[in-house]
Amino acid sequence: MPTVSGQMMQMPLSISSLIRHAARHAGDVEVVSRRVEGDLHRSTYAEVERRSRQVAQALARLGCELGERIGTLAWNGHRHLELFYGISGSGRVCHTVNPRLHADQIAWIINHAQDRVLFFDSTFLPLVEKLAPQLASVAHWVLMTARAQMPADSALKNLHCYEDLLAAEDGQWAWPEFDENTASGLCYTSGTTGMPKGVLYSHRSTVLHALGQVSVDAMGIGSRDVVLPVTPMFHVNAWGVPFAAPMVGAKLVLPGSRLDGASLHELMESERVTFTAGVPTVWLGLITHMKAHRLQFSTLRRTVIGGAACPPAMMRTLEDDFGLEVIHAWGMTETSPLGTLAHLKAKHAALDAESRRALQQKQGKVIYGVDLAIVDADDRPLPWDGCTPGQLLVRGQWVVDHYLGSSESPHIDLAGERWFPTGDVATIDADGYMQITDRSKDVIKSGGEWISSIVLENIAMAHPAVHEAAAIACHHPKWDERPLLVVVRKPGADVSAADLLRFFDGKVASWQVPDDVVFVDELPHTATGKLFKMALRQAYRDHRLPGV
Ligand code: AMP
């Protein structure tokens with residue numbers, strides 16, 4: 001029997017619909033940003049929508065065609081937000097470039113994406129001037145500032161002032177409607193191994209992701225919230241918060257370049273922030289600052305921590321000492337990024353506090369739109385028993401199909417379905433809670449057995465003298481690899497290697513206890529604020545373990 005069409009309105013999912021909705025139904029809700037100029041700028045969704053239309057007009061005046069990539073090198077701020085909507089909403093592709101990457105990688109990415117215009121914050125003027133001769137596709141450079149802050153002269157030809165470009169437009173322009181599968185945004189993976197790969201999001205994937213994201217089992221953001229994304233807009237679009245907040249009409253607070261503990265705490269307090277999201281490293285700075293000055297949060301209630309494993313000790317501190325609800329989440333650039341979040345189910349209400357915590361410390365369960373599987377080395381599905389680790393596969397409406405410029409599909413076929421191999425190793429329990437045991441390249445393989453670097457780091461982080469810890473594989477003549485712990489002590493704290501290793505007694509099997517500890521002043525981080533384990537592995541490749 002032929003199927004019958006439904007008789008509902010056909011309205012393509014579009015990014016512009018989010019800001020139009022916010023302007024119409026939450027037009028007076030504030031968007032507050034810490035500008036590179038140093039001041040706090042106050043705007044509203046109505047104003048952001050109007051200025052986004054001016055951005056779209058300015059792009060047309062610069063001769064940008066639909067579908068062209070427009071690059072940004074910018075912090076979290078209102079102008080960046082206007083670009084998100086003005087670029088994507090007009091049918092062009094907003095390519096957020098991570099300024100913390102190495103200059104060569106930035107040039108490579110912009111060339112690969114063939115960005116036509118580059119918008120950048122004044123912080124990055126010297127970098128852009130240096131890279132410009134290598135960036136042949138870029139026809140226009142736009143400094144995201146006002147006329148008064150423009151440099152007297154610059155090596156850049158065709159350098160425009162953002163506020164001048166907008167002032168030349170009247171905003172009399174209507175958002176176009178197009179196919180919801182049209183490309184909207186572009187992010188490159190961090191590229192800690194090999195060259196970065198481009199993930200090209202669509203309007204449909206972005207809006208569906210935002211719908212999933214605001215639900216109570218995900219970030220649970222609503223119109224009563226004041227949302228501060230610490231995660232940069234150049235790291236998977238600040239995890240989608242700039243789309244989710246206007247969707248629900250939540251006040252948005254954008255912290256600019258000031259991500260130190262003192263600045264973040266001050267901004268959260270002064271703007272009465274209720275919800276925030278960021279990687280664990282950001283919290284290290286915030287916790288240290290708040291403890292040193294005996295501070296508390298008066299409005300912040302919930303935070304999503306992801307991008308790297310949240311150490312249980314950090315979760316306990318945030319919950320017990322600062323009264324926050326911590327939601328542990330997992331995702332990746334290739335998954336827009338939300339995949340799983342560690343919310344409890346109704347059946348867990350009766351669990352004792354420690355068992356509940358054990359579940360909340362996992363990376364969590366999927367939201368609708370995402371599905372997970374774990375497989376062995378021959379791509380055979382593994383059981384969901386909470387203890388068998390396997391390669392984590394993911395599929396869903398906001399999961400990448402293939403990378404930009406590559407026709408090769410990275411997918412694995414399971415019973416006729418396409419699954420994306422994440423490169424993570426995980427267990428899944430009978431209730432669907434996923435726990436990352438490692439990134440496959442970070443697993444420590446000792447005598448054929450796997451040791452989870454995350455488990456070792458979590459234990460070390462629970463020691464009162466430890467500020468940050470990384471566990472890496474070190475070459476061993478007999479066992480092939482053995483764990484080495486690289487540790488930053490808390491200021492003024494004193495702990496010896498032997499004391500720290502004794503702390504592992506009874507917490508893991510004795511053969512999993514690290515062989516040695518190296519104390520350092522600081523650990524390397526990637527451009528997205530995660531531990532840069534590849535650099536550590538290289539630095540300690542020849543470290544002599546005791547007894548070798
Ligand atoms: P990126 O694409 O840069 O966001 O990196 C994605 C990778 O970060 C994932 O594949 C994981 O290896 C790691 N990751 C993200 N969230 C978590 C988490 N909650 N726990 C452990 N690893 C995580």
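Every value quoted in this text rests on a predicted model; they were computed, and no experiment measured them. Atoms within a ligand are numbered from 1 in the order they appear, just like the ligands themselves.
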Decide whether a cation-pi geometry holds between Lys530 and Phe532; the criteria are a distance under 6.0 Å from NZ or CZ to the six-membered ring centre and an angle within 45° of the ring axis.
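Relative to the ring axis of Phe532, which defines the angle, Lys530 lies outside at least one limit.
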
Using the six-membered ring of Phe275, assess whether NZ or CZ of Arg301 lies under 6.0 Å from its centre and within 45 degrees of the ring axis.
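The answer is no; the distance or angle limit is not met.
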
Picking from Asp442, Thr437, Asp438, what satisfies side chain to side chain donor-acceptor pair (under 3.5 Å) with Ser453?
Asp438

Show the atoms of ligand 1 that are less than 4.0 angstrom away from any heavy atom in [X].
| X | result |
| --- | --- |
| His235 | 1 (P), 3 (O), 4 (O) |
| Gly307 | 8 (O), 13 (C), 14 (N), 15 (C), 16 (N), 17 (C), 23 (C) |
| Ala329 | 16 (N), 18 (C), 19 (N) |
| Thr333 | 1 (P), 2 (O), 3 (O), 4 (O) |
| Gln363 | 18 (C), 19 (N), 20 (N), 21 (C) |

Should we count CG of Asp378 as having more than 12 external heavy atoms under 6.0 Å?
yes

So is Ala309 polar-close to ligand 1, meaning N/O to N/O under 3.5 Å?
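Yes, there is a polar N/O contact under 3.5 Å.
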
Interatomic spacing from CD1 in Ile287 to NE2 in His265 - rounded to 0.5 Å:
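Nearest 0.5 Å value for the CD1-NE2 distance: 12.0 Å.
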
Is there a heavy atom in Pro337 that sits closer than 4.0 Å to ligand 1?
no

Closer than 4.0 angstrom: is that true for some heavy atom of Asp424 and an atom of ligand 1?
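Heavy atoms of Asp424 do come under 4.0 Å of ligand 1.
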
Heavy-atom pair with the smallest gap, counting every atom of Arg302 and Gly220:
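Where Arg302 meets Gly220 most closely, the heavy atoms are NH1-O, 3.2 Å.
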
